[in-house]
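Beneath this line is the structure, given in structure tokens, with notes to follow.
Side-chain atoms are counted along with the backbone in the values below, which use heavy atoms only and exclude waters and symmetry mates. Lettering follows sequence order; numbering is per chain, from 1.
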Protein chains: 2
Amino acid sequence: MIEETLAEQIARQLRRDILRGKLAPGSSIKERDNAAEMGVSRTPMREAIRILAKEGLVILRPARSPIVAEPSIKEISDQVEVLLALEKLSAELACKNATEEDLAELERIQEYVDLNFDGSDPLDMFEVDMSFHSAIARASGNDVIADMHRTLLERLWRARYLAARRRRNRARVVLQHGAILDALKARDRVAALEAIEAHLGHLEHDIREVIEQEAEANMVSGTS
Amino acid sequence: MIEETLAEQIARQLRRDILRGKLAPGSSIKERDNAAEMGVSRTPMREAIRILAKEGLVILRPARSPIVAEPSIKEISDQVEVLLALEKLSAELACKNATEEDLAELERIQEYVDLNFDGSDPLDMFEVDMSFHSAIARASGNDVIADMHRTLLERLWRARYLAARRRRNRARVVLQHGAILDALKARDRVAALEAIEAHLGHLEHDIREVIEQEAEANMVSGTS
DNA sequence: TTTTCAAATTTGGTATACCAAAAGTCGTTG
DNA sequence: CAACGACTTTTGGTATACCAAATTTGAAAA
């Protein structure tokens with residue numbers, strides 16, 4: 001069979017539309033209409049919706065159309081809180097368990113950022129930043145942590161993207177990543193925790209700011 | 001429509017069979033055969049399998065029958081590691097955020113255990129123990145933590161059940177729960193962390209012991 | 001006897017049709 | 001004019017049929 005199932009393709013398309021804001025939060029996703037619109041049957045569309053529900057992007061309600069999730073500020077800040085905790089735990093474990101390949105991977109990413117710091121697409125840089133953090137989670141050697149971390153990054157994609165666009169402080173990011181990397185290479189648990197906290201400490205604040213702004217914008221335009 | 005969808009009923013039934021060991025790890029779940037066997041069509045069976053896949057109980061392989069997951073010792077110990085971290089984080093947050101109702105709920109469970117300590121069904125006690133820990137996660141006030149915690153408890157159901165059956169040290173459990181509860185009520189972060197660690201510290205060891213025993217048993221009977 | 005290739009079977013993916021429940025609508029009645 | 005109720009529409013849940021890919025099997029050839 002094909003490498004990627006039709007349902008997964010649909011899910012990917014819908015996910016893109018949702019994260020890019022093309023599908024407004026709160027809008028309903030009727031499996032009949034959407035399926036017809038995309039020229040597929042209801043079966044894969046149904047499964048695609050379930051996939052996105054699992055990812056928290058859409059909400060399944062009994063006997064109701066699924067709707068695009070509208071993450072509240074609390075939900076997002078809860079997610080960031082756990083993301084921070086997971087990453088601190090990762091760093092701690094990585095000091096103990098990280099293989100040389102794990103560290104090399106982190107270094108490779110950091111080098112890439114160094115070289116392409118200027119002139120590269122912000123969205124590209126953003127993806128690289130995500131991959132750096134994912135690599136830390138993987139370096140913990142704990143697959144459950146890596147999975148949960150990835151899930152949270154996915155769910156926070158939109159919020160993080162908005163926050164990252166806002167602040168063009170990539171120089172700071174590079175420095176902070178370097179501090180984390182150095183601490184991990186030295187297997188210095190305390191330094192690693194501090195570096196992580198310094199780096200992600202701003203994240204919740206940034207995200208909260210962006211989300212609140214968006215909430216206000218919606219308030220006046222009446223998309224509540 | 002009905003309260004519980006047919007797919008969910010099937011998922012519940014399959015989950016029971018898997019966790020109780022009725023469906024051996026590694027055995028394949030063919031959606032055609034299973035659907036016919038249970039007298040339903042493939043559609044809800046298919047969805048049920050996806051639900052269980054999300055829970056980690058079955059593995060979906062491209063172009064292959066789904067099989068019952070056979071969690072390795074590392075997977076389980078990874079899960080326990082995260083469970084412990086989440087619960088410590090919960091306790092820490094609960095010291096700050098727990099409402100009076102949260103604490104009352106914990107106290108209610110503890111009282112129930114006190115009263116029904118003797119003479120009650122071990123499986124019943126086990127469920128109550130799980131609910132105590134879930135309540136701690138909920139008391140953190142962070143829904144993401146509560147969700148992840150619940151997911152981990154579900155995935156660890158079988159391992160925890162085996163471990164709990166083995167050691168009939170419910171007296172110790174009651175005492176340790178009491179210590180946790182006291183620390184939370186006093187909003188004493190350090191004491192809470194210590195109490196959690198003391199309580200769950202044994203868990204990984206117990207589970208590892210049980211799982212290794214089972215692995216050995218499978219080794220000789222050749223179910224590998 | 002071994003190897004190879006093609007036909008048949010198995011199995012998951014997709015499309016379509018039908019059903020039942022919930023919500024929306026409109027008319028009737030108090 | 002308001003409120004209640006029956007009818008229609010909408011929508012998700014389920015069953016069934018068909019398709020394509022992957023595996024298996026068996027026969028033929030080297």
Side-chain angles (χ1 to χ4, degrees), chain A residues 1-18 22-70 222-224, chain B residues 1-18 22-70 222-224:
Chain A
M1 308 174 185
I2 333 169
E3 289 186 1
E4 190 179 32
T5 202
L6 183 55
E8 285 163 348
Q9 293 177 40
I10 299 170
R12 196 155 43 79
Q13 180 60 39
L14 284 178
R15 181 167 33 230
R16 257 194 101 230
D17 291 348
I18 293 175
K22 205 168 153 191
L23 259 58
S27 63
S28 65
I29 301 183
K30 303 186 236 297
E31 60 180 59
R32 251 187 185 79
D33 297 0
N34 272 58
E37 193 175 322
M38 296 186 67
V40 299
S41 82
R42 284 178 56 204
T43 314
M45 173 59 69
R46 179 183 176 76
E47 190 168 333
I49 291 175
R50 302 305 165 116
I51 292 176
L52 296 180
K54 180 183 82 174
E55 296 176 5
L57 286 176
V58 307
I59 306 293
L60 255 43
R61 307 170 298 177
R64 252 336 189 294
S65 290
I67 58 175
V68 177
E70 186 166 20
T223 315
S224 76
Chain B
M1 308 177 186
I2 333 170
E3 290 185 358
E4 191 179 32
T5 202
L6 184 54
E8 285 164 348
Q9 292 176 41
I10 298 170
R12 196 155 42 80
Q13 178 62 38
L14 284 178
R15 181 165 37 227
R16 257 195 102 229
D17 292 348
I18 293 174
K22 206 167 152 189
L23 259 58
S27 61
S28 65
I29 301 183
K30 302 186 237 297
E31 61 181 58
R32 249 188 186 77
D33 297 0
N34 272 55
E37 194 175 322
M38 296 186 66
V40 299
S41 84
R42 284 177 56 205
T43 314
M45 172 61 68
R46 180 183 175 78
E47 189 169 332
I49 291 174
R50 303 306 166 117
I51 292 176
L52 296 179
K54 179 183 82 174
E55 296 176 6
L57 286 177
V58 308
I59 307 292
L60 254 42
R61 307 169 299 177
R64 261 317 197 303
S65 291
I67 58 174
V68 178
E70 186 165 21
T223 316
S224 79

Which part of the nucleic acid, if any, lies within reach of B/Thr43 when heavy atoms closer than 4.0 Å are counted: base, sugar-phosphate only, or nothing?
base
Between P on C/dG12 and CD on A/Glu47, what's the gap in Å once rounded to a whole number?
13 Å
Please state whether the base of C/dG12 and the side chain of B/Arg64 form at least one donor-acceptor pair under 3.5 Å?
no
The criterion is salt bridge (Lys or Arg N to Asp or Glu O under 4.0 Å); which residues satisfy it with A/Arg46, sequence neighbours excluded?
A/Glu31, B/Glu47
Could you check which of C/dA15, C/dT14, C/dT11 has an atom nearest any side-chain atom of A/Val40?
C/dA15
Taking donor-acceptor contacts at under 3.5 Å, does the side chain of A/Arg42 reach the base of D/dG13?
yes
B/Ile29 has an atom CD1; how far is it from atom P of C/dG12, in whole Å?
10 Å
Taking the side chain as everything from C-beta on, heavy atoms only, tell me whether B/Leu14 gets closer than 4.5 Å to B/Asn34.
yes
Distance check needed: D/dG12 P versus B/Leu6 CG, whole Å only.
18 Å
With a non-hydrogen cut-off below 4.0 angstrom, is A/Glu31 in contact with a base, only sugar-phosphate, or nothing?
sugar-phosphate
May I ask you to decide if A/Ser65's main-chain N or O and A/Arg61's side chain share a donor-acceptor pair within less than 3.5 Å?
yes
Looking only at the side chain of B/Pro44 (C-beta and beyond, no hydrogens), which of the listed nucleotides D/dG12, D/dT14, D/dG13 gets closest?
D/dT14
Rounded to the Å, how far apart are A/Glu8 CD and C/dG12 P?
15 Å
Would you indicate which nucleotide in C/dT11, D/dA15, D/dT11 comes nearest to any side-chain atom of B/Arg32?
C/dT11
Phosphate contact (C/dG13 OP1 or OP2) by B/Arg50 side-chain N/O below 4.0 Å
yes
Counting distance alone, no hydrogens or angles: does the base of C/dG13 have a donor or acceptor under 3.5 Å from a partner atom on the side chain of B/Arg46?
no
Using the side-chain heavy atoms of A/Ser65, tell me which of these nucleotides is nearest: D/dG12, D/dC18, C/dA15.
D/dG12
Taking C-beta and beyond as the side chain, do B/Arg50 and A/Arg50 meet within less than 4.5 Å on heavy atoms?
no
Rounded to the nearest Å, what distance is computed from the CD1 atom of residue A/Ile49 to the C1' atom of nucleotide D/dG13?
13 Å
Measure CZ/B/Arg61 against C1'/C/dT11 and give the value in whole Å, please.
12 Å
The side chain of A/Thr5 lies closest to which of these nucleotides: C/dC19, D/dT14, C/dT14?
C/dT14
Could you check how far CG of B/Asn34 sits from P of C/dT11, rounded to whole Å?
11 Å
I need the CE-P distance between B/Met45 and D/dT16, as an integer number of Å.
14 Å
B/Ile29 and B/Leu52, any side-chain heavy atoms less than 4.5 Å apart
no
